[in-house]
Structure formats: structure tokens, C-alpha cells
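Working notes for the structure below.
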Amino acid sequence: MSVTVSGDIVHLTGACLVEDAEPLLLAFHANPACTVDVSGAVRLHMAVAQLLLAARPKVSGVPSDVFLRDHLFAKLR
Amino acid sequence: MDELLTQFLIEGRDLVAGAEADLGRLARDPGDTAALDSLFRAFHTLKGSVGLFDMAPAEALLHRAEDDLGAARKTGTPLTADRIDTLLASVDAVDRWIDELERDGRIGADATDRAERLIARLGGGEAIQAEHAVEQGYPNWLASLQARFSLRIAAAEGALIAFRYTPDADCFFRGDDPLALAAAVPDLVDIAILPRGDWPALDHWDPFRCHAIIEGISAAPIDAVRTAFRLVPDQIAVAALPVAQADTGSATDRGDGARLVRVEGARLDALAADVGELVVAANGLSHATRLAERLDPDLASTLRAVQGDIDRISGRLHQAVAAVRRVSLAASLRRLPRLVREIADSLGKPVHFAMRGESTEVDKAIAENLFEPVLHIVRNALDHGLESPVQRRAAGKPEKGHIAIDVIRQGDEVVVGISDDGVGIDPDAMRASAVARGTIDAAQAAALSDAQALRLIFAAGFSTAAEITDLSGRGVGMDAVQNAVERLRGRVVIESRVGEGTRIELRLPLDAITTRLLVVRAGEDRYGVRFDQIVETARIDARDIMTVGTGVACVLRERTVPVLDLSTLLGGAETADDTARLLLTESAGEQVAIRVTAFDMQMDALVRQTEGLLAALPGVAGTALLDDGGVLLVLDLPELVG
């Protein structure tokens, strides 16, 4: 599983694929105030990335992948 | 503030200033095709930029104006004077909206009306709509992309390729991952993932559809970028970004654009304050060296060598930071042409307004605080200085008045001169008005030289205007100008000829970091006095000080000058040496001698504004650290004797 929910925190880990968009969307529906921890993410599919940009959740952690860090999460903060 | 908006406020205003300059060139020479091209580009880029914000009226107006300019370029028909006026009014309107956007976060409610009136004035034009944009190979998306990535583009060393990737909405089903594709673009500089329109609400979000588009810039060759998207050729647009043009006047101000860095002003202030402290700390070494001389001459000479090095380096650093802090005045004065036109319109006084030397560089503290006083003087010139067209004709002058601002550097000073060719100021009228107001009595008025009488306009609340207009007569007089300029450690010089006009000069120091001080003694206490407030120092025989009326005075350079005792001014005992040491200073245009007990050393020091209890002390401008660690009170002589 790339999307796991623990309490108020949604963890994205490893490579998040197109099918991870749906559980992430459900997590946002269930808890619109959740925080997304991206420290374990190494790759995001566009389906997941666009959802994060539209939902603009609180984001914690910094991914080690340079592309994600500089081009996606730098703008999400 | 949002970075995109911050960027737009800077660049939008640059474009406005550029467009104004181009229109000025076209007004002088309607056949200037380079100016027309540059103007077209400015309107085009502005239109792209305003599109990023909620500024629909601005976008519509600029679109209309751009069409107009496109037609003029195509047909080679020169713009008429009337058309140039309308375009100028359009630029003014956009400038005003940018101000409103900054101040209120949105443009005013009257924007649509204003835009519609201007669009109506621009008229039908020759119907060529938007095709010209495509014709030139300059797609519309490119302008907004340039605005979005402007920081990166400005920082880039070489040519850049822009791309805009609009994935099919159902591309996920085909196994495409647009983000992975974009991430694989070689030499990617930046990308942005943008909604196609607005993001759908999460309640209606379809996770299996692509709702986004991707824009990006790359430093790779155009073919390499195309290759990265070879599987989606129908969804991709690629274009080379135009390399910054160096042919417009404003571009030369920016210098080598590729190497410029924007730095937050507060960081520069902190750096300047630290460098100032370093200079003061280095002064402390000279104290240590003097102490060492008494104990160990060898140690002293080593210390002196070290001190020499540190002095030289800290001096260089000080100069370098001062140079970094210098900015062109153009940015702070750029609103003036528009405001002059608006004020002149409201007064019904046609005016020719010219600015020269506004790209002169000054310390940023001065650039930031100069606009208000200059605007105030210009307002006064328009309101009270310039006559109505009828009066001007009767006086044998051209109906259109002239107001000019010229900025030049003179040694360590920047001189901002504001001249008009209006009625001038009549010293007799000034005397009469001052007496009528009770500012001075008739005898004092008669004793004033003409130059001193002119300076009466700086007296608090002074106005000679028979009728108070809503413009200048608002209780903020020239005294506010004088105060603002003195806070910048500058002074105001005024010249006027009745019937011919007035020139007011603001003379300001170039470098606002450390201040040269003369340390003086009053009794046993030491005080700092700013060098720029000292006209000269003199030693005279104490017997040459005579009693005049209730005070004392002496003759210096064949002029009688009142003498005040620093000790008594500060609440101490009168100085009673045989030799009187005098500091000559100027207060409100008059020379005053201040008697001190002794002249001490000179020093460069960082003068801090006083806070708390000290701020309430009259005549104290700030504090400085002495090189033995003591604190020196720095006096404000004009305030002390005024």
C-alpha cells in the first residue's frame, strides 16, 4: 500500500501509482483536515499529484526525490 | 505576499514605465517604428501578465489596445496625437489598477467603466483581432508562462525552451503518466502543474481523469525537448523563449539581466547595520593601539599594522555594501508622470512634464522616502506655481506650463531639482503673509533677506495661496517636506524669480550608512555632531562676543552671528574660557554659532535612532558607540537651536 492512514496523518510511501489516487481521495473525504506525510514518497503519478494540488492539504516531511521536492512539494507548502 | 503577485507588481510596473517611455518617443516622432514595436511588446506582455490575476477589465483594455497597435504596425500608419493620448490614458489606468491590486488585493469597482470608456475611445480599429499574435509565432500561452517563470528565466544563463503539455483527459487509461513524462525532459529548469480551468471540487473529483496541464522550461535544445514528448505530439506545444531584448531604454537600466539577483530589502539593511558596527568595532582597535603604545612599543606597531589592514578591508566592505544598497530612483519616481497628468487635468492646467536623470542611483533608504516630498513639491508647483492658461497667455508665456525634475550626482550628494516656469514666489508677499499670520512681527519681517523670506514657506502651516484648493491646502505644508528631507539627512534649497518660476532642490547624501561625526565637549561631557550640520568651526577671543539685545553674538566673516552656549542649552554651566570655540551651523537658512568647551576627535560611526526615554530629549538625534565602548549622544543642531 502506498497510501496509509494513521489517525490524522496520511502517509504516502514508495511509488504512488494511478490506483493510489482513489484511496487518497477517500482519505480527503473522510478527513478534510488531514496532514499528508510525503517523506517516504519516491514517485507520484500525475493522478496523485493533481489531487494533492487541488486538495492542498497540510504537508509534512520532505521527499528525498529531488524532482518531487523542488517541483511539486516546494510549491505545495 | 504570493510570489507571483510580488513579481507581477515589479514587472508590471516596469512594463508600464517602458510603455510610457515608448509613447513619449512616439509623441515626438510618430514614425519611430522601434518605439512602436517596443510599445506593442510591452502591451502584449502586460496583457499576458494581467491575465494571471483577477483583472478582466485590464485584460480587455490591453487586448483592444494591442489590436490597435498591431494594425498600426501592419499598415505603417503613424499613430495620431489623439490616439497616443488615449494609449497613454490606458497605460495610466493599468498603472492605477496595479496600485489597487497591491493595496486592496483587487482592482476597484469602477475598473469596468473606466476600461469601457477607454475601449470606446480606442474605437473599432481595423478588424484584425488576435491573429497577429499567432502570425509572429508568439503563442498566447507563452506570455503567461514567461510571467510564471520570470524569476527562473531572469536567472538563466542561456537560451530556454518553454513547453506546455495538455494531456488528454483519459490518458491515464492508456497508461500515460504525464508527470513522469515531464520529469524526463532533459535539463528541466522548472515546471508548474496547473488546473485545466479550475480544479473540480473534491466531491466531484474523478481520480481517473487527468484534470491538469503541465508547463515547464528547459535549458536543453528544442529538439531534445520535442523528443521527450515524441509519444504525445498532439498534446504538446514547444517554443523557444525570446532572449531578453536589450534595445529598449529600460533594459539598459537592468544591465546584465541574466546575472541579477533580487534580494529582500531587510537583509540588505541588516548587512549594512553589521558593516556599520564593524567599522565602529575597528575604531576600537585604535584605542587599544594607543594604550599599547604606553606599555609596549613593539606590540603597538604590530597592532597598528593589523589595524591598517582591518581599516582598509572594512572600508572596502563598507563601500561595497553602500554600492549594493544603491538603487535607481526611477522605481520610486515612476508614478509621477501619471500623477502629474491627473493633477494637471483636475486643475485644468495643461503641463509639459519632463524627468531627467531619474536612473541616478541613491541609497535605498533615500529612494524609498523621496517620493512623498517630491510629489508634494510637484503638487505645489502645479497648484500654486503654474498660472492658468489665460493668465499665462496674458503674461506672454506659452499656455502649457513646464515642470521638470532633474536628478544629478554632485560629489557626495544627490541633487533632486524640481523646477517650474510659473509665477514664482514674491518675497514681499511672503513677509506680508507671515506677519498677517503672526508667525513673525513686522520688524522681524523687514530684517529678513529675500532668501530668508522665501524660506518662510517651510514654516509650519504656512501657505500664501489666497484660496485653499483641495490639492495642496490640506494642512500638510512645505514644513512636512523639510522634515522628510532632514530625516534623510538632506537639505532643501529654494530659488525663485517673480514671474519666471521656482526651483526647489533637495540635496541628499549619497551614502546613508555611517556618519562622519565631530566629537565636542560641553563642560566635561562629550557629544557627537554630524559633519554635514557643521558649516565651519572657529576659535575667537571670548571678548569678541558681544551682548546684543537679550542674547550674545559675534562677527564671523563680516557677518553678525548669534552665539549659543552648548553647555547652557543642555542645562549646564556657561562656558567661560578666554578662547571661544565655535561651531557654525545653519538652522532654517540662518547661521548660528554654538560655543563648545573643546573640539575632540573626528570619527565615522553608526548613528542609531534614539528610542525610549532618549527619544523624548529635544535636540538628540541618536546615539553612537565610542571606540572605548562608551555611548555618545549625537546632537541634532538645527533642532537644538531652533
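Proteins get letters first, then strands, A, B, ... in listed order; numbering begins at 1 in each. Because only heavy atoms are used, hydrogens play no part in the values below, and waters and symmetry mates are left out as well, while side chains stay in. Computed from a prediction, not measured in an experiment: that's the story for all the values here.
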Is there a salt bridge (charged side-chain N to carboxylate O under 4.0 Å, His left out) between B:Glu100 and B:Arg106 once you walk through the steps?
-> CA-CA 6 Å; B:Glu100 288 172 352; B:Arg106 60 189 158 76; over 6 Å; no
Top contributor to chain A contacts, counting heavy-atom pairs under 4.5 Å, from B:Leu179, B:Ile193, B:Ile214 =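 When all of B:Leu179, B:Ile193, B:Ile214 are compared, B:Leu179 has the most.
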Donor-acceptor pair, B:Gln235 side chain versus B:Tyr165 backbone, under 3.5 Å?
-> no
Do the side chain of B:Asp168 and the main chain of B:Asp170 share a donor and acceptor less than 3.5 angstrom apart?
-> no
Please test B:Arg174 against B:Asp176 for salt bridge (charged side-chain N to carboxylate O under 4.0 Å, His left out), starting from the C-alpha separation and ending with a verdict.
-> CA-CA 6 Å; B:Arg174 292 200 300 266; B:Asp176 286 356; 3.7 Å; yes
Side-chain H-bond candidate by donor/acceptor type, A:Asp20 with A:His45, under 3.5 Å | no
Please look at [X] and chain A and tell me whether the side chain, the backbone, both or neither of the residue comes under 4.5 angstrom of a heavy atom of that chain.
X: B:Asp198; answer: neither
X: B:Pro178; answer: both
X: B:Leu181; answer: neither

Segment of A:Leu51 engaging chain B (4.5 angstrom heavy-atom cut-off) | both
Assert top hit (heavy-atom pairs under 4.5 Å, partner chain B, pool A:Ala54, A:Ala21, A:Pro32, A:Ala47) equals A:Ala54
